[in-house]
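A quick write-up on the structure given underneath.
Protein chains get the first letters and strands the later ones, always in sequence-line order, with residue 1 at the start of each.
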2 protein chains.
Amino acid sequence: MNLNINYCSYCGADQLAEEIPAGDNMPRIVCSQCGSIHYQNPKIVAGCLVTWQDQVLLCRRAIEPRYGLWTMPAGFMENNESIEEAACRETFEEAQARVTLDGLYGFYSIPRISHVYVLFRGHLDKQEFGPGSESLEVKLFSEADIPWNDLAFNAVRVTLRHYFNDRKRGEFPLHLQTL
Amino acid sequence: MNLNINYCSYCGADQLAEEIPAGDNMPRIVCSQCGSIHYQNPKIVAGCLVTWQDQVLLCRRAIEPRYGLWTMPAGFMENNESIEEAACRETFEEAQARVTLDGLYGFYSIPRISHVYVLFRGHLDKQEFGPGSESLEVKLFSEADIPWNDLAFNAVRVTLRHYFNDRKRGEFPLHLQTL
């Protein structure tokens, strides 16, 4: 379970136990003092495969994990926003780019780390972009120049492969898969 | 913010403040004693529009909220599962039904409550189903018999409307929308 939970956030007790609550069928972190159940759920990573003409926009990460490697703009969806807002916000934060979304493109479950990636295709409104605070640099890449050996995440690799294959066929179906 | 966070789950201090951490741009719950940041993120509700021939399967809720009203089998995605596993698990838990998934069908952001619905179409493998512990009863409905005034959630109403419209056209595209 989550090693960062040492105290009950509701009552402050340190008597947390892993048990299956009544009416449930999964072990949860339960406070033995006040009975609060501390559920943990997957996080959504929203992002964008940003295109400009025949190129795609990648960001070189200025933060851990995978500092210095290339990624698509993407990050954790926040409370009180839509998935489209999340994808566009992350794109602006990491690449200072305004995009128009062209459709949902990648939906990847990553059960091992309890993340769900939700990625859109989107195109730059203008050829304007630059590094946000979480990026060292932001660059347009043609297919021949993609830094395949310096990509930050498997989800990025998978999405770029899908994109260049789909572009040849002129169809961009949703890719739903478990990584 | 979340009123259920009274104590830092990492160090147990009650000195939590709402502030924008360095390098961030959103207010977070931060522990003034140990510096832990308590992020909060949207939850995924995974579920299934279950069909059998020309009927759809609905469950009458045995739990709050919306006790006694009709819903599709759906619930919070758990850590360490894929979205398909989550949809099938919820369908089995609430309707004791085994389904084969026919495609991603509804993707709804609900920013007001920070939920993201991810709904599949799926068909019963056999005409076998029944109430799980969270359901009072489980029933197949023809279009003419849908209890439109007794549906538990707007996402259910929206999905059923899409389904009966799409069925007339013989196409079931993904519906991506904000509710």
Beyond-backbone contact of B:H38 with A:S9, side-chain heavy atoms, under 4.5 angstrom: no
If you look only at distance, which donor and acceptor atoms sit under 3.5 Å apart when one is on a side chain in residues 165-174 of chain B and the other is two or more places apart or in another chain?
{"unit_1": "B:N165", "atom_1": "ND2", "unit_2": "B:R161", "atom_2": "O", "d": "3.3"}
{"unit_1": "B:D166", "atom_1": "OD1", "unit_2": "B:R169", "atom_2": "NH2", "d": "2.8"}
{"unit_1": "B:D166", "atom_1": "OD2", "unit_2": "B:Y105", "atom_2": "OH", "d": "2.5"}
{"unit_1": "B:D166", "atom_1": "OD2", "unit_2": "B:H175", "atom_2": "NE2", "d": "2.7"}
{"unit_1": "B:R167", "atom_1": "NH1", "unit_2": "B:D54", "atom_2": "O", "d": "3.0"}
{"unit_1": "B:K168", "atom_1": "NZ", "unit_2": "B:E143", "atom_2": "OE2", "d": "3.3"}
{"unit_1": "B:K168", "atom_1": "NZ", "unit_2": "B:F164", "atom_2": "O", "d": "3.3"}

Donor-acceptor pair, side chain of A:N79 and main chain of B:S114, under 3.5 angstrom: no
hydrophobic_cluster_shared for B:V50 and B:W52, side chain cutoff 4.5 Å: yes
Any side-chain heavy-atom pair of A:L176 and B:F120 under 4.5 Å: yes
A:R89 CZ to B:M26 CE distance, which is reported to the nearest 0.5 Å: 6.5 Å
Test item: B:N41 side-chain N/O and A:M77 main-chain N/O as donor-acceptor pair under 3.5 Å: yes
More than 12 heavy atoms of other groups within 6.0 Å of A:R98 CZ: no
A:L57 reachable from A:M72 in the ILVMFWY side-chain graph, under 4.5 Å edges: no
Nearest non-hydrogen partners of A:S109 and B:E84, listed with the distance: OG-OE1, 4.3 Å
A:N25 side, atom CG; B:E78 side, atom CD - distance, nearest 0.5 Å: 7.5 Å
B:L119-B:F76 co-clustered via ILVMFWY side chain contacts under 4.5 Å: yes
Side-chain heavy atoms of A:I44 within contact of B:V116, under 4.5 Å: yes
Same cluster (ILVMFWY, side-chain, under 4.5 Å), B:Y163 and B:V156: yes
Top of A:G23, A:P42, A:G12 for chain B proximity - count of heavy-atom pairs under 4.5 angstrom: A:P42
Nearest-0.5 Å distance that lies between atom CD1 in B:I110 and atom CG in A:N80: 12.5 Å
Cluster link A:Y117 to A:I113, ILVMFWY, side chain under 4.5 Å: yes
Spacing of CZ belonging to A:F107 relative to OG belonging to B:S82, to within rounding of 0.5 Å: 9.5 Å
Approximate separation, where rounding is to 0.5 Å, of B:C11 SG and A:Y7 OH: 7.0 Å
Stepwise side chain to side chain contact (heavy atoms under 4.5 Å, CB included) test for B:T178 and A:E85: CA-CA 10 Å; B:T178 299; A:E85 287 168 343; over 6 Å; no
